[in-house]
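One structure is given here, and the rest of the page talks about it.
It should be emphasised that the depicted structure is a prediction, and the values quoted were computed from it without experimental measurement.
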Amino acid sequence: MAGLNPRQEEACSYTEGPLLILAGAGSGKTRVITHRIAHLIEDKGVNPFNILAITFTNKAAGEMRTRVDAIIGPGAEKVWVSTFHALCSKVMRRFYERLGGTKNFTIYDADDQRSAMKEVLRQLNLDEKQYPVRGMIAAISRAKESLLSPDEFEDQTEGDFRNRNIARIYREYQKRLESSNAMDFDDLICKTIDLFLQEPEVLELYQERFRYIMVDEYQDTNHAQFILVKLLAAKYRNLCVVGDDDQSIYKFRGANIRNILNFEEEYPDAKVVKLEQNYRSTKNILDVANAVIANNSGRKDKSLWTRNEEGEKVHFTRYRDDRGEAAGVCKKIFALLRKGGNLQDMAVLYRTNAQSRVLEEQLIRENIPYQLVGGTNFYARKEIRDLVGYLKCVANTADDIALVRIINYPRRGIGDTTVKKLKDFASQQGISLYDAIRDCEIVPGVGRAVGKLRDFAEMMEGFQRTAERGDLTRLYLDILSVTGYQRELEAERTDEARSRLENLQELRNKITEYETKAEEATLVGLLEEISLVADTDSLEEDSDRLTLMTLHSAKGLEYPDVFLVGMEDRLFPSGMALDSDDPDAEEEERRLCYVGITRAEKRLYLSAATQRMTNGTVIYPDVSRFIHEIPENLLVKDGIQEDGGFYTDVSDFSDSYYGDSRSGSSYGGARAGRFEAPKKDDTPDLYYDEWQGSTFQRKGGSKNTDPDMEAGIENDKDTADKRDLSAGPGASVSASIFGYTVGDHVKHIKFGRGLVTEMIPCGGDFEVAVTFDEFGEKRMFASLAKLRKI
DNA sequence: GAACCCATCATTTTT
DNA sequence: TGATGGGTTC
């Protein structure tokens, strides 16, 4: 097998019986899986139809799909590559009737779960303070992951008052889902297991089909998934699991690290192959990673090594505060760019999403384009949820949650009181809300709303007829127009409404795309895709932007240059983990740290702040214990002062950012990382200019080309003025590069609309005079002002 | 039914 | 700091 090392080759060629591949970070895991599939088909004559590859995320599934298709060619499409949930959903669509369900079931996402849970708590008259929605959903999820029914849950937990109530909540929640013909994500797995146990011939059907099974990221499986895999593989036992116990970071989500640690006990005849050669990182980076993870106990014995070069030392910088840290990161980014680096090769990783704000503020000031991964999901947007709500309702009228969501959006005079009456009636009669609407004349107390309810029911029936005809795009457009949803947004004429309309257009595109590519496009299939394949475009790999994300999101990714910020005790490792009575909590944080470090290929910059604003208060954190676990000789500590003052970063620049701060000037955000006077032949300085026309984009959301959307982020007048004064010579550019010229109307992030009245070449840059509609004339340097032609 | 004020409370997240 | 939710008022 071409280009594989002996271990990798061993993993590929061992095809019969259970196999555990312990694949260290950067050891070529995906390569091994794809080559293994190729080997099965090409050398062993296995029918691609009999191969199943399971992953956790759609992204991983998509990636594997592409690589398998590329390496095998025709026939590869028969290999079933899927996420756990998509697989189970397919099984349930086909066989749910055997469990007494109907196949048009709705899949509830986190938000639907929340709504359902709130209703349950209201109904049981339980206080949300004592039984928090989030916590209850998590508790139920844990029960389901452990395959415990409400009764079993009650038996297994201590029968105190609270646990009995949680069991009641679980029971009621489940009842609600069932009467709505809905499943949550956990149900997909559990009910598939139920089905397999109850209907052995169905199980056998799939056992026969999936003679060779591979599971990626095995350390992330929960108990239910473990059982599911076990059942599927029970007949042929050709089960290959791939994972790395050191990268298990999803315990809070139910992942059970024991699944991988105990694989050999579960399958005593299992062969174990360790992939320990790392192809990703430099020796220095790997040494740091190994030093940190060595502090964990109970690991599988393995140690990563590499033939890669030593590389640069890993840096650690302690900054004065979080803003200084952000500025320092920017400064280092500029230094890298100057040396010919690319933004798409860089990532900033942090423990909590809240940390992104300070970074974003600074990046905007410095004109560094970035993409933020994670955060709000496209399908979590209100307008999208509303429209999807209509679709769900049309597909499954029993879906009360969706119905309540849309019944009065847009407003059609069916208020809370009416809805409440309907709900009472429905639960009394044991019918769905929608059926109650159809019988609204006999519902007590709805009197005046009857006509409106009739209209609503009629409208929904119209949608159902359209749906039956199978034209989904038509259905979608009908909903937009007949409900008046679109009209209402168009009438609003605000930026927000415009952005919502754009998102709705985006959803339309997704629907049309689904119709084009699906073999058999159905409403139920579309909704499944929407529920399970949410947020497909969460990361762009080939745009020249810096990437910002949490450490969790970074798993599976790699970047030449990685910044790991906020290396502070109680932030990372998180305070919650440290306070936890679970002794593994700190180790999980350490694994997270290991994951972060091993994302880096060439350069790794660790940093901490001495002072940080958290939850509205200033804290003075200690340097993370993980930093102390790294031997001194592996780290370069940038410009750390010995004299007791705050630490500074003076490593890369002669004019230090803190040079200003120390001399008493205020926070010079605009000065940090600013253009150094360019050496004449130093090309990369043009970056600023090329970026002028670029857009910022919050990932997972609509494309946002309007810098004003970002204007909520502080960019005070003070800063802008300082910029004008301090702007130095930039690179030689022509005015055209900025995309506007004298006479054009432009938009400024802070000052809004204005007219360009003058552009004066100035030390390679341009001084631009703009008369703003609201702020009058301002003069600023083009390379810094981030003006956009409108 | 919208607009406002106050209190509260803050990991990590894919499906 | 900020988002969110409940309660109040018009």
Rounded to whole Å, the CG-P distance (A:L551 to B:dT14) equals 14 Å
>> For a quick check of understanding: with a heavy-atom distance under 4.0 Å over all strands, which category does A:R114 fall into, base, sugar-phosphate or nothing?
In response: sugar-phosphate
Q) Within 45° of the ring axis of A:F196 and under 6.0 Å from its six-membered ring centre, is that where the NZ or CZ of A:K191 lies? A) no
Pi-cation contact, A:F105 with A:R93 (under 6.0 Å, within 45°)
yes
### Face-to-face stacking of A:F84 with B:dT15, centres under 5.5 angstrom, angle under 30°
no
*asked:* For the aromatic rings, using the six-membered ring if either is Trp, is the centroid distance between A:H85 and A:F56 under 6.0 Å?
replied: no
Identify each atom pair where a protein N or O and an N or O of nucleotides 2-9 of chain B are less than 3.5 Å apart, giving names and distance.
{"unit_1": "B:dA2", "atom_1": "OP1", "unit_2": "A:R411", "atom_2": "NE", "d": "2.5"}
{"unit_1": "B:dA2", "atom_1": "OP1", "unit_2": "A:R411", "atom_2": "NH2", "d": "3.3"}
{"unit_1": "B:dA2", "atom_1": "OP2", "unit_2": "A:R411", "atom_2": "NE", "d": "3.4"}
{"unit_1": "B:dA2", "atom_1": "OP2", "unit_2": "A:R411", "atom_2": "NH2", "d": "2.5"}

A:S553 vs B:dT13: side-chain N/O to OP1/OP2 distance below 4.0 Å:
yes
Are OP1 or OP2 of B:dT13 and a side-chain N or O of A:T550 less than 4.0 angstrom apart? yes
| task | Could you tell me how the ring of A:Y250 sits relative to the ring of A:F252: parallel (under 30°), tilted (30 to 60°) or perpendicular (over 60°)? | result | tilted
Per atom distances to the A:H552 side chain, the nearest of B:dT13, B:dT15, B:dT11 is B:dT13
Using a 4.0 Å heavy-atom cut-off across all strands, classify A:N222 as base, sugar-phosphate, or nothing.
nothing
Taken to the nearest whole Å, CZ/A:R142 to C1'/B:dT15 is 17 Å
Taking the basic N atoms (NZ, or NE/NH1/NH2) and the acidic carboxylate oxygens, is any pair closer than 4.0 Å for A:R405 and A:D112? no
A:I257 atom CD1 is separated from B:dT12 atom P, nearest whole Å, by 21 Å
In A:Q113, A:M117, A:R114, the residue satisfying side-chain contact (heavy atoms from CB on, under 4.5 Å) with A:M136 is A:M117
Atom CG of A:D127 and atom C1' of C:dG6 are separated, to the nearest Å, by 13 Å
Of A:T57 and A:I249, the one whose nearest nucleotide on DNA chain B sits closer to the 5' end is A:I249
Taken to the nearest whole Å, CZ/A:F56 to P/B:dT15 is 11 Å
Winner on side-chain proximity to A:E128, out of C:dG6, B:dT11, B:dT15, is C:dG6
Looking at A:N615, I'd like to know whether one of its side-chain N or O atoms comes within less than 4.0 Å of OP1 or OP2 on C:dG2. no
Rounded to whole Å, CD of A:E360 lies from P of C:dT1 at a distance of 18 Å
Nearest heavy-atom contact between A:P573 and A:D569 is CD-OD1, 3.6 Å
When rounded to whole Å, the CG to C1' distance for the pair A:D111 and B:dT15 reads 15 Å
From CD1 of A:I530 across to P of B:dT15 the rounded distance in Å is 15 Å
Nearest-nucleotide check on DNA chain B, A:F252 vs A:A110; residue mapping nearer the 5' end is A:F252
